[in-house]
Asks: 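Have a look at this one.
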Amino acid sequence: MEEGEKVWEAAFREIKEETGITKLLLYTSNKFDQIYSPQENYIYVAPVFVGFVEDHLDVKLNDEHSDYQWLSFAEAIETVSLPGNEEFLKSIEKHFVQSKPPNFLRVGD
């Protein structure tokens, strides 16, 4: 986050900077990712956002990334490397794909 920036604003900015995507609907998932760093002895807590983009969107990665792929939820669940992320994906699929997301969770424009 940059000074004076809300977390959801930082999410929009990072998505644009890292992928070139500027048109998306962004929602807060009402979930938080938590990671404990034993080396630095701190707990990192970050909100999890859900973004909806058009099919076949042209992604232009910046120099921070070398590759991307669009995955089904099943494929993404098999791919995640951090313990607990599969629960986020299952929750997102249930509450944002199989059901219409509540409008009060939408952030941004």
Side-chain angles (χ1 to χ4, degrees):
M1 286 180 27
E2 295 177 355
E3 187 171 335
E5 191 174 48
K6 295 177 181 173
V7 176
W8 63 265
E9 292 170 329
F12 270 113
R13 180 181 48 75
E14 288 290 331
I15 291 166
K16 180 180 178 181
E17 288 175 5
E18 295 182 13
T19 68
I21 295 172
T22 58
K23 293 183 179 181
L24 76 150
L25 296 177
L26 191 65
Y27 293 83
T28 176
S29 70
N30 207 29
K31 299 280 185 188
F32 295 87
D33 193 12
Q34 302 175 65
I35 301 170
Y36 171 66
S37 170
Q39 296 81 16
E40 298 180 30
N41 194 37
Y42 74 90
I43 299 172
Y44 169 83
V45 179
V48 175
F49 292 99
V50 178
F52 288 90
V53 298
E54 295 176 12
D55 288 341
H56 310 293
L57 194 63
D58 186 25
V59 176
K60 296 178 180 112
L61 297 178
N62 69 3
D63 59 358
E64 294 180 44
H65 304 285
S66 60
D67 199 13
Y68 77 94
Q69 54 185 318
W70 297 109
L71 301 172
S72 69
F73 279 94
E75 292 167 327
I77 287 168
E78 291 300 316
T79 304
V80 295
S81 58
L82 288 174
N85 281 357
E86 58 276 349
E87 282 81 24
F88 291 133
L89 290 168
K90 289 175 184 176
S91 176
I92 290 167
E93 182 179 30
K94 178 179 179 181
H95 297 289
F96 291 86
V97 176
Q98 294 173 352
S99 303
K100 183 177 178 181
N103 200 44
F104 67 87
L105 293 179
R106 186 163 171 208
V107 295
D109 301 29

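We number each residue from 1, following the sequence as shown. Because the structure is a prediction, the values reported are computed rather than measured.
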Asks: V7 and V107: same hydrophobic cluster, using ILVMFWY side-chain contacts below 4.5 Å?
Replies: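 Linked, V7 and V107 end up in one cluster.
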Asks: Check whether any side-chain heavy atom of F52 lies under 4.5 Å from a side-chain heavy atom of P101, and answer yes or no.
Replies: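 F52 vs P101: side chains touch.
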Asks: Any Lys/Arg nitrogen of E9 or R13 sitting under 4.0 Å from an Asp/Glu carboxylate oxygen of the other?
Replies: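 So E9 does not pair with R13 through a salt bridge.
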Asks: Enter the distance from E93:CD to S99:OG here, rounded to the nearest 0.5 Å.
Replies: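 It comes to 10.5 Å.
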Asks: Is F104 reachable from F96 through a run of I, L, V, M, F, W or Y residues, each pair having side-chain heavy atoms under 4.5 Å apart?
Replies: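 Same cluster: F96 reaches F104 through Ile, Leu, Val, Met, Phe, Trp or Tyr contacts under 4.5 Å.
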Asks: May I ask you to check whether over 12 heavy atoms, not counting those of E54, lie within 6.0 Å of atom CD?
Replies: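 No, because the 6.0 Å sphere around CD of E54 holds 12 heavy atoms or fewer from other groups.
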Asks: Take atom OH in Y68; do more than 12 heavy atoms of anything else shown fall under 6.0 Å from it?
Replies: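 It does: Y68 OH has more than 12 such atoms within range.
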Asks: I'd like to know if V45 and Y42 are part of one continuous hydrophobic network [Ile/Leu/Val/Met/Phe/Trp/Tyr, side-chain heavy atoms within less than 4.5 Å].
Replies: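 They do not share one cluster, since no chain of ILVMFWY contacts under 4.5 Å joins Y42 to V45.
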Asks: What pair of heavy atoms forms the shortest contact from E17 to N62, and how long is it?
Replies: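 For E17 and N62, the tightest heavy-atom pair comes out as O-ND2, 3.1 Å.
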Asks: Would you mind reporting whether I92 and F49 have side-chain heavy atoms less than 4.5 Å apart?
Replies: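 They are not in contact (no side-chain heavy atoms under 4.5 Å apart), so the answer is no.
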Asks: Can you tell me which residue pairs pass the side chain to side chain donor-acceptor pair (under 3.5 Å) test with a partner in residues 75-85, sequence neighbours excluded?
Replies: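 Every side chain to side chain donor-acceptor pair (under 3.5 Å) pair that includes a residue of residues 75-85, provided the two are not neighbours, is S72-E75.
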Asks: Is there a chain of hydrophobic side chains (I, L, V, M, F, W, Y, each step under 4.5 Å between heavy atoms) that links L82 to F88?
Replies: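 No, no single cluster joins them.
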Asks: Show me the donor-acceptor pairs within less than 3.5 Å that the side chains of residues 18-35 make with the rest of the protein, sequence neighbours left out.
Replies:
unit_1: E18; atom_1: OE1; unit_2: H65; atom_2: NE2; d: 2.8
unit_1: T19; atom_1: OG1; unit_2: I15; atom_2: O; d: 2.5
unit_1: T19; atom_1: OG1; unit_2: I21; atom_2: N; d: 3.1
unit_1: T28; atom_1: OG1; unit_2: N30; atom_2: N; d: 3.4
unit_1: S29; atom_1: OG; unit_2: K31; atom_2: N; d: 3.1
unit_1: S29; atom_1: OG; unit_2: V48; atom_2: O; d: 2.8

Asks: Applying side-chain contact (heavy atoms from CB on, under 4.5 Å) to D55 and W70, what does each step give before you reach the verdict?
Replies: CA-CA 10 Å; D55 288 341; W70 297 109; over 6 Å; no
Asks: What distance separates L89 CG from K94 NZ, expressed to the nearest 0.5 Å?
Replies: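 Going from CG on L89 over to NZ on K94, the span is 15.0 Å.
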